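Okay, so here's the structure we're looking at.
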Amino acid sequence: MNQMFAPKPKLRTLWFVSLQQVHKTQSHRRDSLSRSTIEVLKSVRNNVEKNEGQQGEKNMEELQTQGSHSSPQGCGRVGCRTRPVSRVCRCIKHCVKGKVVITQNQGQSGPGKSASVQLYSSTKVDPSTGEGKLSRRAYLRHGKSKKKDSVKTTVYKMKLWVEADFGTPGALLIANRHKHKFFLESVTVEIPNQHIHFDCSSWVYPVDKTKSERLFFSNTSYLPDQTPPALVELRKSELVSLRGDGTGERKEWDRIYDYDFYNDLGHPDKGWQHARPILGGSRWHPYPCRGRTGRPSSNADPLAESRGESMKLDIYVPSDEQFSPAKLSAFLSNSIEATVHFLASEAKALLRDDSSDFRSFDDLRELFSGKRSQAVEEKVAEKLKKLVPYDLFKEVTNRSKEDTTKFPLPQIIAENDIAWMDDMEFARQMLAGINPTRIQCLQEFPPKGKHSVSTIKASDIENNLDGLSLIQAMEQWRIFILDHHDYLMPFVSRINANGVCAYASRTLLFLRSNATLKPLVIELSLPGFSRRTTSSRVFLPASQGTGAALWQFAKAHVTANDSAHHQLVSHWLHTHAVVEPFIIASRRQLSVMHPIHRLLHPHFKDTMHINALARNLLINAGGILEQTLFTGEISMELSSELYKEWRFNEQALPADLLKRRLALQNPAHPSGVELLFPDYPYGADGLEIWQAIKTWVTDFCTVFYKDDDSVRYDMEIQAWWSEIRNIGHGDKAHEQWWFNMTTISELVETLTTLIWIASALHASVNYGQHAYAGYPPNRPVQCQRFIPRERTPLFAEFLRDPDKFYVDMLPGRFQMTLGIALTEVLSRHTSDEVYLGCRPLNWTDNKEVKQKFKKFNDALQEIEKKIVQRNRNPELKNRCGPAKLPYKFLYPGTSNNRARGGLGAEGIPNSISL
């Protein structure tokens, strides 16, 4: 007898007792029973099994017989053939209890008895199918619900009857015969001395839509060659079902992962001005792949995907990647709140009939203070209607009638409203702001570009090097550059043809003895009259008079360059876009049972969905980024240009710091590198986070991989890596820097880099956007005027009122307030975030892995303490700066992993979820 489900002494069920009485009175003469009597008894039995949980099931559980039947006469059950004493009668059923957790949007009825569960054994093979034995169905009932915000969570009980030798459950099938989809959070099954957990976190659609039931595996991990025989075929068939063939339009309920190029950004059917280049699949516009939706081709361009006439939030992503009810509710709430702030601001301006421009810095400050108009003017509403889906627009306009709130005050002006103008703060934000990955140590002077040499002269800076000569400063690695020149120059003429005033810029800075950076010079360049020539102007720091104002204007143009680079490259390309192919390949090639799938899964949460929304609202033709950034319609083309420089092996933080010459190799340090100077907040905090992740990944991998051969011969890992290189990032397939993926160390480096990108890197460039860019003068996204030259009418206007000239140089009111609303949405943590070092309690059943993860959690909590200490250290001047804004974008948030959200929330979310 299988000890896992050893029968317990119980009385027999009513129908079972009745059947035995018939056998006794007939002296085993089964044939003497009328056919009708047998059919009635069979019907009674089937009804009991079908309606488990009702009175018949309770009787079955209470009256179960003792032990196995060893009588040569069998168990007495109709159809039982068991005769020999040595054999166990498999007709005896044992009760398996469990609970099912489901979440839904309020207003929808729960699935209840319309949903059923079956278990697959992981230890007993059904010879007729080659798969694990499959239990009978159990139907969900006795649900208890609780509500939070607009989400209802229901916990259902279930009971399944399995044969005595069923073995240990390893997978389950769930059938939804309800009319609505539901979000299956988890399933827990109780067997003697063990709880088996299924972490599902996916939508389950009605069977009449999907034409099949959903399969979920338990939280036990297996390498492919260690898969229990009962689960081998299920593992293979599940992976096959997830792979598309590149054909057909995907439906909402599909779970198919396939690749496509970025051919859905334009809308050529609306006219040539709405067409955009296809990104990916060419050497002119290389790009990572995205998830395929299969929408019909555009009529105007057969290579482009059609977009439809109206914007929608329900663009296809596989059901496992869709927002949960809690996430969707929080995301919409944050979006609505920020958009209401935007509408209220615009409506107020319209009532004054001066909506096109701000008049002064005080006028700008009114965005964050004062009473707000409750009216939504038709002019503003019509503008917004073109940018957001109708359902969201309708909710916003309804909410705005009663909402009188204001934009939250950005932290950059919370303590000191003019600190952003300080040169030290301008430079500090290159080390501790929202784009801390662009600055690098200058390797040669003067800087050289692809097609030209900088016009900056030694005489421009040598008197501002704190007593050092230029040669000494270069030898000591103390001159740095923020370079937005070479990649922008080919695009500047096209950009400026659309009415904005953009330069390509170079900014040089000097590292002082207190580890702060001092700006030395700014070079602003425009294309010359002949091909490959430039026209450049050089601006030097000044503290008063006309020179100070011109210097402030030059810094504004630099930050406009940096803002576009931040949004299009550091944020979108280097996190959102490059990670999506890894997600698709993981779902297609790594079974849910694979330990690496289990390791990566929380770091992929919501990314495909947020990317799909971005393609629909942010980065598309006429989308919010084209409306706000100075790069306009060439924004994504510019992003493609920078992808040409992207190398996966340089995304590891130590490699990135070495490349930018902000660190030196030092084997004595845990990360293998030492910062050039310790007061680099992004680098200092980042290296500790990086090392904690790498230690955790190493510990995890060594549990499952005993040597390099186990990596080399892992068929799923090899297929995963091949697909990433050759398809997901196929435009980079010819590059020689890809890892071979034949050793544990290569696997560890790859996984550490991927987790770093999805968690810490994304957090560092995303969640501080409102703090810094929420006040447009600090980080303008475009400039409407060039810097005036002397003896021109524009220069005379500038002399009359430099402050007003600066404000007039900023974007119009609509673009500026729209940009603020965007930073508010992107900077808000949602209340369902799970932070680095935190996972559900039963995410794995491997005790050794749990111990290693606890070690990771403890390490992150120690890093939190160090970050707090560094922010309090007055010697580390770059931690807070003149604006008194402490650096917390890499604060893990591990020690306080409870539901929280909003602006200013601390923590590194596990994934790119915004």
Side-chain angles (χ1 to χ4, degrees), residues 1-20 41-42 44-71 74-82 84-100 116-129 131-142 156-174 187-198 216 218 220 228 230-231 845:
M1 173 67 72
N2 187 310
Q3 295 302 310
M4 188 67 74
F5 290 105
K8 299 179 180 179
K10 291 181 182 282
L11 295 175
R12 303 179 182 184
T13 61
L14 295 179
W15 65 266
F16 193 69
V17 171
S18 298
L19 188 58
Q20 279 204 323
L41 290 174
K42 284 183 177 180
V44 171
R45 180 191 67 190
N46 291 336
N47 285 336
V48 169
E49 291 178 344
K50 182 177 180 181
N51 297 292
E52 293 168 3
Q54 296 180 348
Q55 189 62 45
E57 179 201 9
K58 292 180 180 178
N59 292 337
M60 180 181 288
E61 181 181 2
E62 294 170 359
L63 303 177
Q64 184 72 34
T65 70
Q66 299 184 27
S68 63
H69 294 279
S70 58
S71 168
C75 70
R77 182 174 176 181
V78 174
C80 179
R81 304 290 185 183
T82 302
V85 175
S86 61
R87 293 186 61 186
V88 175
C89 174
R90 295 181 178 179
C91 291
I92 299 175
K93 302 294 179 180
H94 297 275
C95 180
V96 178
K97 297 181 179 181
K99 66 177 182 179
V100 179
S116 64
V117 177
Q118 292 176 277
L119 293 177
Y120 275 108
S121 172
S122 67
T123 54
K124 295 294 181 179
V125 178
D126 184 339
S128 65
T129 64
E131 300 171 347
K133 283 194 170 187
L134 185 62
S135 74
R136 294 181 179 271
R137 295 185 185 277
Y139 294 86
L140 305 188
R141 47 175 55 90
H142 309 309
Y156 292 95
K157 294 181 179 180
M158 68 172 185
K159 293 181 181 179
L160 298 101
W161 293 93
V162 300
E163 295 174 354
D165 64 345
F166 182 82
T168 305
L172 66 83
L173 278 178
I174 186 160
V187 177
T188 303
V189 174
E190 300 177 20
I191 61 176
N193 303 317
Q194 189 177 359
H195 286 66
I196 298 175
H197 301 278
F198 298 80
F216 294 95
S218 73
T220 304
L231 299 179
D845 65 354

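Predicted model only: the values in this text are computed from it and were never measured. Index from 1, following the sequence. Every heavy atom of this structure was used, including side-chain atoms; hydrogens, water molecules and symmetry mates were not.
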Interatomic spacing from [atom1] in [X] to [atom2] in [Y] - rounded to 0.5 Å:
| X | Y | atom1 | atom2 | answer |
| --- | --- | --- | --- | --- |
| K157 | K99 | NZ | NZ | 10.5 Å |
| H94 | W161 | NE2 | CH2 | 9.0 Å |
| L160 | R137 | CG | CZ | 11.0 Å |
| C95 | E190 | SG | CD | 9.5 Å |

Quiz item: Can you tell me if S122 uses its side chain to pair, donor with acceptor, with the backbone of T168 under 3.5 Å?
Solution: yes
Is [Y] close to [X] at the side-chain level, that is, under 4.5 Å between some pair of heavy atoms?
| X | Y | answer |
| --- | --- | --- |
| D845 | H195 | no |
| L172 | F198 | yes |
| T188 | H197 | yes |

Quiz item: Which heavy atom of V189 sits nearest a heavy atom of P169, and at what distance?
Solution: CG1-CG, 4.4 Å
Self-check item: P127 versus V125, closest heavy-atom pair with distance
Solution: CD-O, 3.2 Å
Quiz item: Listed by chain and number, what are the side-chain contact (heavy atoms from CB on, under 4.5 Å) partners of S121, not counting sequence neighbours?
Solution: T123, K124, K133, F166
Exercise. Check side-chain contact (heavy atoms from CB on, under 4.5 Å) between L173 and all other residues, then give those that pass, not counting sequence neighbours.
Key: Q118, Y120, L134, E213, L215
